[in-house]
Amino acid sequence: MAKILGLDLGTNSIGWAVVDETKDTPIINKGVRIFSEGVKIEKGVESSKASERTEYRSARRLKFRRKIRKYNTLKALIEAKMCPLSYDELKNWRQNKIYPKSKYFLTWLCTHEDKNPYFFRNLVSTKKLNLENEEERFMLGRAFYHLAQRRGFKSNRLDQSEETNKIENYKPVWNAIVEKSNNITDLILNFSNYLETEETDDKKVNTVLSKLKKMTAYLQKGKIESFETEKDNFLKTINKEEKLGAVKQSIKELSQKITDANCDTLGQYFYTLYKDAKKIRNNYTHREDHYEKEFNIICDKQNINSEFRKKLHNAIFYQRPLRSQKGLVGKCTFEPSKARSPISHPLFEIYRMLAFINNIKYKVKDKDNCKFGNCKQLSNEQKNVIADLFFRKSKTQFDFKEVRTKLEKSEKKKLAFNYKDYTTVTGCPMSAALKNIFIDKKVWKSYNFSDKMNFYKNIHFPNLKTAKGEHLFAVWHVLFTFEDRK
């Protein structure tokens, strides 16, 4: 009999033994190989060995990008004669890392007790300056440079915690439905018609829609106090204050403080805090709501021409695009030189759905025959029944129980399937989103199963010119590669 090697694999060791069962002493040899952990441990806390290096690299990149932003801002200000610095000094800082030591520049840059950057930001946003005067021109330049030094928080495509709060977009619609209702009948009818067709993929919006459905159903049962009371209940549900994350909540509170202080800009509000000897730092600020808004107010106040305004805006608020993630899509098994289809591509979604549906097998439940035999595949009529389950924006995944329930309701029989109720089924969220935009909901309900599979093939855009044709897939490609949510 051959010798047997046994291995015991651990996180930082491998135990081994060689056994020959034909011998009186079966264990020929044994041992253990211990090696160091693949993680860094400090005070009992594990962390990646690369994390420290990554942190330092991120800090270097952040510092470099800030330097580039300041350099580009100063370059624009020098061209407009808003900064007492020569182009040669700026170039020397950029190339040779020698910071400008000009007396006039350092005086311009320094914070004085009576005139600090917030003083200038408040001044240029409230008073029209004489830009022919060098001193006043330098004041405006210092305000712009301070905006470049602190330009606020901006969420990006990957920051899920800063997802746009869609409830705020829906509230005006819901309020309008309540306000145009003159009695209980109108209220029930208006909300019933709206809720029947409304569908969204936002959990918070769905939560409110669910509450509104329950309230409408409650009224339909005749459980009514008075029209005014029910109207107030709807408005309270709709306009309930939403809980935001710590950053967004702080930004919202700061915006409210600016309004309450009768200030138009962030700079004006911070200057009032400075005059009252109150704390300015440790406030979350937003790039668009605070800094870009202030930039535009200053430019309007000082009549800045559009060409310089655009150049200065690009210098202060430039954001490096995110790197493309297309390279992360794996290679095809059959054509290794080509990438696979992304999972969000409509064609792949249809393929995945059809592969699952065609694998569904069922039989009528029989108490005398518990074995799963003589099973059938779904007919086209049965596929039409469950097709809508896959084309939902609100649910990208769902349990097979929904498929079973819908088919049993259609057949009016108890059915047994080759899938468990808790089996996760993946839908077609991208196709559903495109369907909701480009196909009328009433027309979609009249489509049969084969039409639903090919709904996107007939959608063309006469004004959309692309290298690959005027097709809906061009729209998908934009969504797949976009860098900014707006």
**Student:** My understanding is that only residues two or more places apart in sequence, or in another chain, count here; which of them pass salt bridge (charged side-chain N to carboxylate O under 4.0 Å, His left out) with Glu179?
**Tutor:**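 Glu179 satisfies salt bridge (charged side-chain N to carboxylate O under 4.0 Å, His left out) with Lys231 once adjacent residues are dropped.
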
**Student:** Begin with the C-alpha distance, continue with both residues' side-chain angles, and end with the deciding distance and a verdict on side-chain contact (heavy atoms from CB on, under 4.5 Å) for Lys293 and Glu288.
**Tutor:** CA-CA 6 Å; Lys293 179 184 176 183; Glu288 293 180 10; over 6 Å; no

**Student:** Do any side-chain atoms of residues 339-348 form donor-acceptor pairs under 3.5 angstrom with protein atoms, and if so which ones, sequence neighbours left out?
**Tutor:**
from, atom 1, to, atom 2, distance (Å)
Arg340, NE, Lys331, O, 3.1
Ser344, OG, Trp476, NE1, 3.2
His345, ND1, Leu347, N, 3.1

**Student:** Distance from Thr107 atom OG1 to Phe105 atom CZ, nearest 0.5 Å?
**Tutor:**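 It is 10.5 Å, given to the nearest 0.5 Å.
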
**Student:** From the options Arg150, Arg142, Gln149, select the one residue that forms a side chain to side chain donor-acceptor pair (under 3.5 Å) with His146.
**Tutor:**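 Of all the options given, the one that passes is Arg150.
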
**Student:** How far apart are the closest heavy atoms of Pro100 and Glu89, and which atoms are they?
**Tutor:**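 Residues Pro100 and Glu89, closest heavy atoms: CG-O, 4.2 Å.
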
**Student:** Heavy-atom distance under 4.5 Å between the side chains of Met353 and Cys428, does that happen here?
**Tutor:**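 Heavy-atom side-chain distance check passes, below 4.5 Å.
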
**Student:** So, using side-chain contact (heavy atoms from CB on, under 4.5 Å) as the criterion, who are the partners of Asn130 when residues are at least two apart?
**Tutor:**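 Counting only residues at least two positions away or on another chain, Asn130 forms a side-chain contact (heavy atoms from CB on, under 4.5 Å) with Glu132, Asn133, Glu136.
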
**Student:** Is any side-chain heavy atom of Phe308 less than 4.5 Å from a side-chain heavy atom of Asn305?
**Tutor:**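 Side-chain contact under 4.5 Å: yes.
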
**Student:** Heavy-atom distance under 4.5 Å between the side chains of Pro117 and Tyr271, does that happen here?
**Tutor:**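 When only atoms from C-beta onward are counted, Tyr271 and Pro117 do not touch, as no gap falls below 4.5 Å.
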
**Student:** Identify the two heavy atoms, one from Ile297 and one from Asp264, that lie closest to each other, and give their separation to 0.1 Å.
**Tutor:**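 Looking at all heavy atoms of both residues, the shortest contact is CD1-O, 3.7 Å.
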
**Student:** Please determine whether side-chain contact (heavy atoms from CB on, under 4.5 Å) holds for the pair Val425 and Leu389, giving the CA-CA distance in whole Å, both sets of side-chain angles, and the decisive distance to 0.1 Å.
**Tutor:** CA-CA 10 Å; Val425 184; Leu389 294 175; over 6 Å; no

**Student:** Any chance NZ of Lys406 has more than 12 other-residue heavy atoms, nucleotides or ligands included, within less than 6.0 Å?
**Tutor:**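 More than 12 heavy atoms, drawn from other residues, nucleotides or ligands, come within 6.0 Å of this atom.
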
**Student:** Pair Ile251, His290 - check side-chain contact (heavy atoms from CB on, under 4.5 Å), show working.
**Tutor:** CA-CA 9 Å; Ile251 290 171; His290 297 148; 4.0 Å; yes

**Student:** Output yes when a side-chain donor or acceptor of Arg151 lies under 3.5 Å from a complementary backbone atom of Ile316, and no otherwise.
**Tutor:**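 Looks like yes, one N/O pair under 3.5 Å.
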
**Student:** Can you list the residues that meet the salt bridge (charged side-chain N to carboxylate O under 4.0 Å, His left out) rule with Lys338, with sequence neighbours excluded?
**Tutor:**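 Salt bridge (charged side-chain N to carboxylate O under 4.0 Å, His left out) list for Lys338, sorted by chain: Glu335.
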
**Student:** Can you name the residues that form a ring-ring contact (aromatic ring centres under 6.0 Å, His included) with His313, not counting sequence neighbours?
**Tutor:**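 So His313 forms a ring-ring contact (aromatic ring centres under 6.0 Å, His included) with Phe295, Phe317.
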
**Student:** Gln397 and Thr426: which non-hydrogen atoms are nearest, and at how many Å?
**Tutor:**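 Here Gln397 and Thr426 meet closest at NE2-OG1, 3.6 Å.
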
**Student:** Which residues pass the side-chain hydrogen bond (donor to acceptor under 3.5 Å, both in side chains) test with Glu307, sequence neighbours left out?
**Tutor:**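 Checked Glu307 against side-chain hydrogen bond (donor to acceptor under 3.5 Å, both in side chains); zero matches.
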
**Student:** Going through the checks in order, is the side-chain contact (heavy atoms from CB on, under 4.5 Å) test met by Phe400 and Tyr422?
**Tutor:** CA-CA 6 Å; Phe400 184 77; Tyr422 54 78; over 6 Å; no

**Student:** Any heavy-atom pair between the side chains of Leu131 and Asn303 that's under 4.5 Å?
**Tutor:**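 With C-beta onward as the side chain, the pair stays apart.
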
**Student:** When rounded to the nearest 0.5 angstrom, what is the spacing between OG1 in Thr265 and CD1 in Ile258?
**Tutor:**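 So the gap between those two atoms works out to 7.5 Å.
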
**Student:** State which residues pass salt bridge (charged side-chain N to carboxylate O under 4.0 Å, His left out) with Arg121; sequence neighbours excluded, sorted by chain then number.
**Tutor:**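 Counting only residues at least two positions away or on another chain, Arg121 forms a salt bridge (charged side-chain N to carboxylate O under 4.0 Å, His left out) with Glu294.
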
**Student:** I'd like to check Gln302 versus Leu140 (side-chain heavy atoms, cut-off strictly below 4.5 Å). Are they in contact?
**Tutor:**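 Side chain of Gln302 against side chain of Leu140, heavy atoms only: contact under 4.5 Å found.
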
**Student:** Rounded to the nearest 0.5 Å, how far apart are CG of Asp260 and CG of Asn262?
**Tutor:**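 One finds 8.0 Å between CG of Asp260 and CG of Asn262.
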
**Student:** Look at the aromatic rings of Tyr118 and Phe270 and report parallel, tilted or perpendicular, splitting at 30° and 60°.
**Tutor:**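 Ring orientation, 0 to 90° scale: perpendicular.
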
**Student:** Under 3.5 Å, sequence neighbours excluded: what are the donor-acceptor pairs made by side chains of residues 52-67?
**Tutor:**
from, atom 1, to, atom 2, distance (Å)
Glu52, OE1, Lys40, NZ, 2.8
Thr54, OG1, Ala50, O, 2.8
Ser58, OG, Thr54, O, 2.9

**Student:** In Å, rounded to the nearest 0.5 Å, how long is the span from NZ of Lys257 to OG of Ser255?
**Tutor:**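 The OG atom of Ser255 is 10.5 Å from NZ of Lys257, to the nearest 0.5 Å.
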
**Student:** Show me the donor-acceptor pairs within less than 3.5 Å that the side chains of residues 73-85 make with the rest of the protein, sequence neighbours left out.
**Tutor:**
from, atom 1, to, atom 2, distance (Å)
Thr73, OG1, Arg69, O, 2.8
Glu79, OE1, Lys311, NZ, 2.9

**Student:** Heavy atoms only: give me the nearest Leu254-Tyr284 pair and the separation to one decimal.
**Tutor:**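 That would be CD2-O, 3.4 Å.
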
**Student:** Side chains of Glu402 and Thr405 only: does a donor on one sit below 3.5 Å from an acceptor on the other?
**Tutor:**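 No, Thr405 and Glu402 have no side-chain donor paired with an acceptor closer than 3.5 Å.
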
**Student:** For a quick check under 3.5 Å, do Ser431 and Glu349 share a side-chain donor-acceptor pair by atom type?
**Tutor:**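 A donor-acceptor contact under 3.5 Å links the two side chains.
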
**Student:** Quick one: list whatever passes salt bridge (charged side-chain N to carboxylate O under 4.0 Å, His left out) with Arg309, sequence neighbours left out.
**Tutor:**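 Per chain and number, Arg309 pairs via salt bridge (charged side-chain N to carboxylate O under 4.0 Å, His left out) with Asp300.
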
**Student:** Determine which pairs satisfy side-chain hydrogen bond (donor to acceptor under 3.5 Å, both in side chains) with at least one residue from residues 90-100, sequence neighbours left out, and list them in order.
**Tutor:**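 For residues 90-100: Asn92-Asn96.
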
**Student:** Using every non-hydrogen atom in the two residues, find where Lys301 and Thr126 come nearest and quote the distance to one decimal.
**Tutor:**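 Where Lys301 meets Thr126 most closely, the heavy atoms are CE-O, 3.3 Å.
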
**Student:** Calculate, to the nearest 0.5 Å, the distance between atoms OG and CG belonging to Ser125 and Leu266 respectively.
**Tutor:**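 So the gap between those two atoms works out to 10.0 Å.
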
**Student:** Would you call Asn122 and Phe119 a side-chain contact if the rule is heavy atoms closer than 4.5 Å?
**Tutor:**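 No, side chains not in contact.
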
**Student:** So, taking the atom named CH2 in Trp108 and the one named CG in Leu106, what distance separates them when rounded to the nearest 0.5 Å?
**Tutor:**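 Reported value, rounded in 0.5 Å steps: 11.0 Å.
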
**Student:** Phe390: which residues meet the ring-ring contact (aromatic ring centres under 6.0 Å, His included) condition with it, sequence neighbours left out?
**Tutor:**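 Once residues adjacent in sequence are excluded, the partners of Phe390 under the ring-ring contact (aromatic ring centres under 6.0 Å, His included) criterion are Phe398.
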
